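For reference, the structure discussed in these notes is given below.
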Amino acid sequence: MLENTDKLDALIQKYQGKDGILIPLLQEAQELYGHLNKELMLYLSARTEIPAAEIFGVATFYSMFKLKAQGRHVIKVCKGTACHVSDVDSIKLALMEQLKLAPGEDTTPDMRFTLVEVACLGCCSLAPVIMIDDKTYGKLAPEDIVGILAKYT
Amino acid sequence: MQAITVKVGLASCGIAAGADNVYRRLESYLLESSKMVQLKRTGCIGMCFEEPIVEFDGGDLGRVTLGKVDPKDITRLLDEYLSGHLSETHLILADKHEAKHNDLMGAQTRIVLKNCGVIDPQSIDEYEQSGGYQALKQVLEMRPYTVIDIVRGSGLRGRGGAGFPTGLKWGFVFDQPGPKKYVICNADEGDPGAFMDRSVLEGDPHRIIEGMLIGAYAMGADEGYIYCRAEYPLAIKHLRIAIQAATERNYLGSNILGTDFSFTLHIKEGAGAFVCGEETALMHSIEGMRGMPTLRPPYPAESGLWGKPTNINNVETWANIPWIILNGPQAFRAIGTQQSPGTKVFALAGKVAGSGLIEVPMGITIRDIIYKVGGGIKDGKNFKAIQLGGPSGGCIPAELLDTTVDYDSINATGAIMGSGGMVVMDEDTCMVDVAKYFLHFTQSESCGKCTYCRIGTRRMLEILERISSGKGEIEDIDRLQKLAENINHGSLCGLGQSAPNPVLTTLRYFRHEYEAHIVDKKCPTQVCVDLLTFSIDETKCKGCHVCALRCPVKCITGKRKQPHVIDPAVCIKCGSCFNSCRFDAVVKA
């Protein structure tokens, strides 16, 4: 059962009856709960009368929506062209090795980190680049990773 | 004496390089001291490779720009400037004397970026002082159709990539019956390696708002949307501040500046889907749905957002409008070429020495962009290709370096102008790997609606993966070409139609690299890991054991001070031994 729905109800109230609300509603709901799970989506569907299938369809279409819980810190590995030609893959390998993530896994069991690839962070002159939460690290070499990760608990 | 000003470039890339620390250090220093210095924030100065960047002005030395400024040095540099004896270590630009990058800036023509890195993007006063909102005031005294005539006369073509004449597009919306019409700014800049729109939105947001206001007045729209990537938080913040300030001064809202014209502007944040850069997908996303393209016609001009006539232009197109109104269509036509007037903003990145944001007149050669504006190739390597237009574009090889930058000449090479991403590749770049990289991108961003785009790109990607892992057959080249043709014909929107371009252009200009992977089972640039082998040259190995310690899979064995050996059956080809050997004893082949 979904708990602490006061803020969520206020959010639904704010958007109720307006056009094109689904994406901003889901964005703000995700901010409240960290991710969009099935319960949350069914709750939104019941309150807004938007079919659950439509909500699920939108939530799975856009990469920003997360259906699983995320780690406390999100590491974004830039997969832009400039980063690719600057061998960002070696940075990603170093990250996966340090975080002990197998291919296909993205979150550490202790929920400390989630590792994701993003299209382009737009800091191409600093390639290869990663971003942890809202801090950008550029001109990286695989050896830098251990020191950077140590800053986060 | 003129007041001394200090400006710190605080766009996203500056902040990523540590410019906010420089700003904070200056702020506390100026608070403690009684120096008469005005500290200002500004947007992207364009020379991203020199970030963090600080500009001093008003002293005896005139305007000077410093690059790679460390927070530790900034107060000393300021004191030096104030005393009139500035050391040259950080100097990159200067008005009054020689500086190392004066030439790079000299080769540019700035219309869209005129205010970027000059004014404080959070200050409407500074935008007004630079001539801002004057074009709107002029337009409000014209008949709407006169405005469209001016834009048509300028020859401006859509800067999002396709190059459709803007004035013509505006005319279509003008001809539609009202009363409800929309204008949209497409700021869903999704091409990897492109950050032009972000820099303009962050550095000069009022220019976009003014451009949209002029368009809305001309076409009879009373509501507009800026659809911006959510990955650009600073751009969204600056836009919100700008909209608020413009509303307070009645540039936005009801009865603008005492006329009958009213206009409301909203910001819509994207949620991470590359296909939403396509105009019909973008409108569906604003409507709150999955951003999947729909068949045109009807074009948005007839039936767009919520079924109403809608005009969509990209950030850079809108940003050109105020300048065209103020300076007239002839002045715009005087820049660039006959068929492609004006300038183009590019995000220059990759293996180029001077990566950053540049604005050049159309008609300039690619050679001049790389060598005059970009300062040549990094680390003295050789140029191999330039990638234009992101995943929809293509690679232009060295023998076509003298191609001029205009829509038609670029299209003739098989690449496209695109929105302005320009990634330079050197001799170390594998072209099969580049094609695979872009295919991987389009394959995962395909919305899935059209079969050819959804499945065809996957099949192409599989073939490329086969080739780069040494399992390719010579027939694969024909298969790629056939699939490319079918995907192009069988897809509804630009994403699918252009998805094969990176493969087609690399096949056209670098076929020998494909053949080397397929026939010789070798990657000429040693990028494709599966085709590499690592071994140790026993005549060079000193037995220092460093590689064995670094090896993540412990496949290197040997006694100290004796040659070591790599077990190829266990080796994962990560390259850490190659990178850590101080005696060049590890052989990569």
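Protein chains get the first letters and strands the later ones, always in sequence-line order, with residue 1 at the start of each. The shown structure was predicted, so the numbers you read here are calculated from the model rather than taken from an experiment.
When heavy atoms are compared at a cutoff of 4.5 Å, B:F438 approaches chain A solely by way of its side chain, counted from C-beta outward. For B:F441, the part sitting under 4.5 Å from any heavy atom of chain A is the side chain, from C-beta outward, and nothing else. For B:V275, the part lying near chain A is the side chain, with the backbone staying farther off; criterion is any non-hydrogen pair under 4.5 Å. Neither the backbone nor the side chain of B:C574 comes within contact range of chain A; no heavy atoms are under 4.5 Å apart. At a 4.5 Å heavy-atom cutoff, A:A127 makes no contact with chain B through either its backbone or its side chain. For A:L126, the part lying near chain B is the side chain, with the backbone staying farther off; criterion is any non-hydrogen pair under 4.5 Å. B:D433 touches chain A through backbone and side chain together, each having a heavy atom under 4.5 Å away. Looking at B:E287, the atoms closer than 4.5 Å to chain A (heavy atoms on both sides) all sit in the backbone: N, CA, C or O. Proximity to chain A (any heavy atom under 4.5 Å) is shown, for B:S444, by neither the backbone nor the side chain.
No more than 12 heavy-atom neighbours from other residues, nucleotides or ligands sit within 6.0 angstrom of CG on A:D134. Environment of NE2 in B:H101: crowded, with over 12 heavy atoms of neighbouring residues, nucleotides or ligands closer than 6.0 Å. Within a 6.0 Å sphere centred on NZ of B:K237, heavy atoms belonging to other residues, nucleotides or ligands number 12 at most. Heavy atoms from other residues, nucleotides or ligands lying under 6.0 Å from NZ of A:K7 number 12 at most. Residue B:K554 places its NZ atom among more than 12 non-hydrogen atoms of other residues, nucleotides or ligands, all under 6.0 Å distant. Around the CZ atom of A:F56, the shell of radius 6.0 Å holds no more than 12 heavy atoms that belong to other residues, nucleotides or ligands.
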Return a table of donor-acceptor pairs under 3.5 angstrom between the side chains of residues 101-110 of chain A and protein atoms on other chains or two or more places apart.
residue: A:E105; atom: OE1; partner: A:A102; partner atom: N; Å: 3.0
residue: A:T107; atom: OG1; partner: A:T114; partner atom: OG1; Å: 2.9
residue: A:T108; atom: OG1; partner: A:D110; partner atom: OD1; Å: 2.7
residue: A:T108; atom: OG1; partner: A:R112; partner atom: N; Å: 3.1
residue: A:T108; atom: OG1; partner: A:F113; partner atom: N; Å: 3.1
residue: A:T108; atom: OG1; partner: A:F113; partner atom: O; Å: 3.4
residue: A:D110; atom: OD1; partner: A:R112; partner atom: N; Å: 3.1

Side-chain donor-acceptor pairs of residues 140-153 of chain A under 3.5 Å, sequence neighbours excluded:
residue: A:D144; atom: OD2; partner: A:A141; partner atom: N; Å: 2.9
residue: A:Y152; atom: OH; partner: A:Y137; partner atom: OH; Å: 2.7

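Heavy-atom pairs under 4.5 Å with chain A peak, among B:R290, B:R229, B:E189, at B:R290. Note on B:A349, B:G288, B:A271, B:A273: by heavy-atom pairs under 4.5 Å with chain A, the leading option is B:A271. For the set B:G291, B:A17, B:C13, the count of heavy-atom pairs under 4.5 angstrom toward chain A peaks at B:G291.
Listed by sequence position, A:D19, A:G20, A:L22, A:I23, A:P24, A:Q27 are the residues of residues 17-27 of chain A in contact with chain B, using a 4.5 angstrom heavy-atom cutoff. Within residues 58-89 of chain A, the residues having any heavy atom closer than 4.5 Å to a heavy atom of chain B are A:V58, A:T60, A:F61, A:Y62, A:S63, A:M64, A:F65, A:K79, A:G80, A:T81, A:A82, A:H84, A:V85, listed by residue number.
Heavy-atom minimum distance, A:C123 versus B:R198: N-NH1, 4.4 Å.
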